[in-house]
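The structure under discussion appears below in the form of structure tokens.
Chain letters run A, B, ... following the sequence lines, proteins first, then strands; residues in each count from 1.
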There are 2 protein chains.
Amino acid sequence: MQSSIVLYSQAEENYLKCIYALEMEHGEEVSTNLIASKIKTKASSVTDMLKKLSAKNLVVYKKYQGVRLTERGRETALRVVRKHRLWECFLVQKLDFKWDEVHEIAEQLEHIESDLLIDKLDAFLRFPKTDPHGDPIPDKHGRMVISKTVRVLDMRIGSSGILTGVKDSSGPFLKYLNKKNLALGDKIKVIDIEPYDQSVHIETRTHRLVISNNVAENLYLRNVK
Amino acid sequence: MQSSIVLYSQAEENYLKCIYALEMEHGEEVSTNLIASKIKTKASSVTDMLKKLSAKNLVVYKKYQGVRLTERGRETALRVVRKHRLWECFLVQKLDFKWDEVHEIAEQLEHIESDLLIDKLDAFLRFPKTDPHGDPIPDKHGRMVISKTVRVLDMRIGSSGILTGVKDSSGPFLKYLNKKNLALGDKIKVIDIEPYDQSVHIETRTHRLVISNNVAENLYLRNVK
DNA sequence: AAGAATATTTAGGTTAGTCTAAAAAATGTT
DNA sequence: AACATTTTTTAGACTAACCTAAATATTCTT
């Protein structure tokens with residue numbers, strides 16, 4: 001991740017970050033509509049932006065064929081992700097925010113422009129490897145530790161794991177977890193998966209509960225046995 | 001300083017902050033050209049913005065007559081100043097930036113939008129009263145401690161003071177001070193003021209030097225005797 | 001108080017990023 | 001394979017914030 005001293009607008013950075021996330025999730029060409037719904041804008045706006053990003057060599061875009069990040073695009077996206085996640089750490093560790101309160105603020109902070117700042121922040125936080133949601137933080141070269149995690153829904157019945165991440169890190173979902181007394185780092189045992197609706201009975205150190213299929217898809221565990 | 005949940009653009013905030021600073025400095029109606037030169041834009045752009053700010057009741061503007069902040073405009077400006085100066089403290093105290101490196105980054109951070117964030121940051125820094133340049137930090141109600149300071153140029157010959165602030169906090173000026181080994185908190189004695197060009201001979205604990213009239217206008221001392 | 005110089009405003013244009021509506025391409029269905 | 005549906009792109013408009021050039025006010029000089 002070399003710093004070619006080229007700056008991108010906040011809008012451009014947001015598109016790159018979004019495309020990066022969708023590539024991770026789907027592993028293939030990312031479609032215009034997908035981007036539009038994630039960024040909450042219209043497909044026509046996305047098309048405009050994809051042309052611009054393509055002209056700047058940040059994505060490979062062919063009409064009607066979806067889009068992929070170039071190496072340069074991925075580097076830029078990772079730089080934004082790094083900033084976002086470091087700021088989230090700062091907010092939680094230093095300013096005592098709760099993990100479900102930090103996303104919107106980090107969305108703003110991630111666009112602050114100064115390599116020196118972000119490296120100093122990294123050092124101040126003692127080079128954290130994951131953010132408060134359990135997502136890995138890219139280092140200054142764009143490398144990060146991908147710890148093997150499994151969706152609750154994909155666990156074997158009877159097995160246990162440590163809750164290390166969530167797919168949907170929106171406010172409402174995180175608040176739901178709080179209400180249900182589920183927190184990062186909790187040990188969770190999968191008691192049963194209901195074949196009919198794929199809802200999952202789980203057990204924590206302190207209580208048992210049933211989570212919907214939808215929730216079970218969004219929770220990631222690091223397998224412990 | 002009540003939080004009426006109205007948001008302003010970065011450009012609007014920058015104009016308000018600029019007008020606030022110029023009002024402080026000159027104590028009267030602020031002219032279009034003054035704003036233009038401070039914000040590094042064209043007079044015609046300033047006119048456009050003044051109309052907009054006026055429509056939002058942030059300034060009182062009459063054609064050709066200059067502009068003043070309204071109460072609401074002043075509150076908004078002070079909120080931005082507060083954020084700027086708190087972030088400068090953070091950068092210097094926590095991230096080990098030097099005081100002449102923080103201005104540009106704080107210019108970005110001051111637009112981050114979250115009252116909770118700024119109050120938590122304030123607490124984290126233990127409610128500092130001045131920023132690294134010696135400028136007072138408004139509290140959440142917009143109030144601040146104005147410690148009586150005097151320009152080096154206005155000191156009596158033979159008197160001493162503590163360097164508490166600078167008027168021009170641009171990078172180049174601060175770098176100049178560093179080079180000359182002048183830092184906030186230094187005790188400075190005025191040896192002589194040259195009548196011809198208003199240059200000033202000063203003495204610090206460690207050395208003597210001559211500063212130009214220009215520099216002497218920009219350095220503020222708290223009088224000690 | 002008139003003319004010169006300066007300051008300010010107006011008029012009209014540009015760019016980034018958005019939008020709606022219509023056209024075109026791709027995909028799904030029978 | 002033909003039609004219907006969905007997805008994507010194009011065309012044309014809008015806003016915020018800026019610009020240049022020209023017009024108009026104000027202030028300075030004599």
Next item on the list: Find out whether the Lys NZ or Arg CZ of B/Lys167 is both under 6.0 angstrom from the six-membered ring centre of B/Tyr220 and within 45° of the ring's axis.
Entry: no
[N] [atom2] sits how many Å from [X] [atom1], rounded?
X: A/Lys56; N: C/dA16; atom1: NZ; atom2: P; value: 8 Å
X: B/Ile39; N: D/dC18; atom1: CD1; atom2: P; value: 8 Å
X: B/Tyr15; N: D/dA16; atom1: OH; atom2: C1'; value: 11 Å
X: B/Asn33; N: C/dT8; atom1: CG; atom2: P; value: 4 Å
X: A/Met49; N: D/dT10; atom1: CE; atom2: P; value: 16 Å
X: B/Tyr64; N: D/dT27; atom1: OH; atom2: C1'; value: 13 Å
X: B/Lys51; N: D/dC18; atom1: NZ; atom2: P; value: 15 Å
X: A/Lys62; N: D/dT8; atom1: NZ; atom2: P; value: 16 Å

Next item on the list: Test for a donor-acceptor pair under 3.5 Å between the base of C/dT20 and the side chain of A/Ser44, counting only N and O atoms.
Entry: yes
Notebook entry, point to check: Below 4.0 angstrom from OP1 or OP2 of D/dT10, is there any side-chain N or O of A/Thr47?
Noted result: no
Margin query: Is there a side-chain contact between B/Lys42 and the phosphate of D/dT20, meaning an N or O under 4.0 Å from OP1 or OP2?
Written below: yes
Check: In terms of side-chain heavy atoms of B/Ser45, which of D/dC18, D/dT10, C/dT10 is nearest?
Finding: D/dC18
Margin query: Nearest to the side chain of B/Asp48, heavy atoms from C-beta on, is which of D/dC18, C/dC19, D/dT10?
Written below: D/dC18
Next item on the list: Please name the residue in the list A/Ile118, A/Val81, A/Leu86, A/Asn14 that meets the side chain to side chain contact (heavy atoms under 4.5 Å, CB included) test with A/Glu110.
Entry: A/Asn14
Notebook entry, point to check: Which residue, B/Asp122, B/Asp115, B/Asp139, forms the salt bridge (Lys or Arg N to Asp or Glu O under 4.0 Å) with B/Arg82?
Noted result: B/Asp122
Check: Taking the six-membered ring for Trp, are the ring centroids of A/Phe97 and A/Phe90 within less than 6.0 Å of each other?
Finding: no
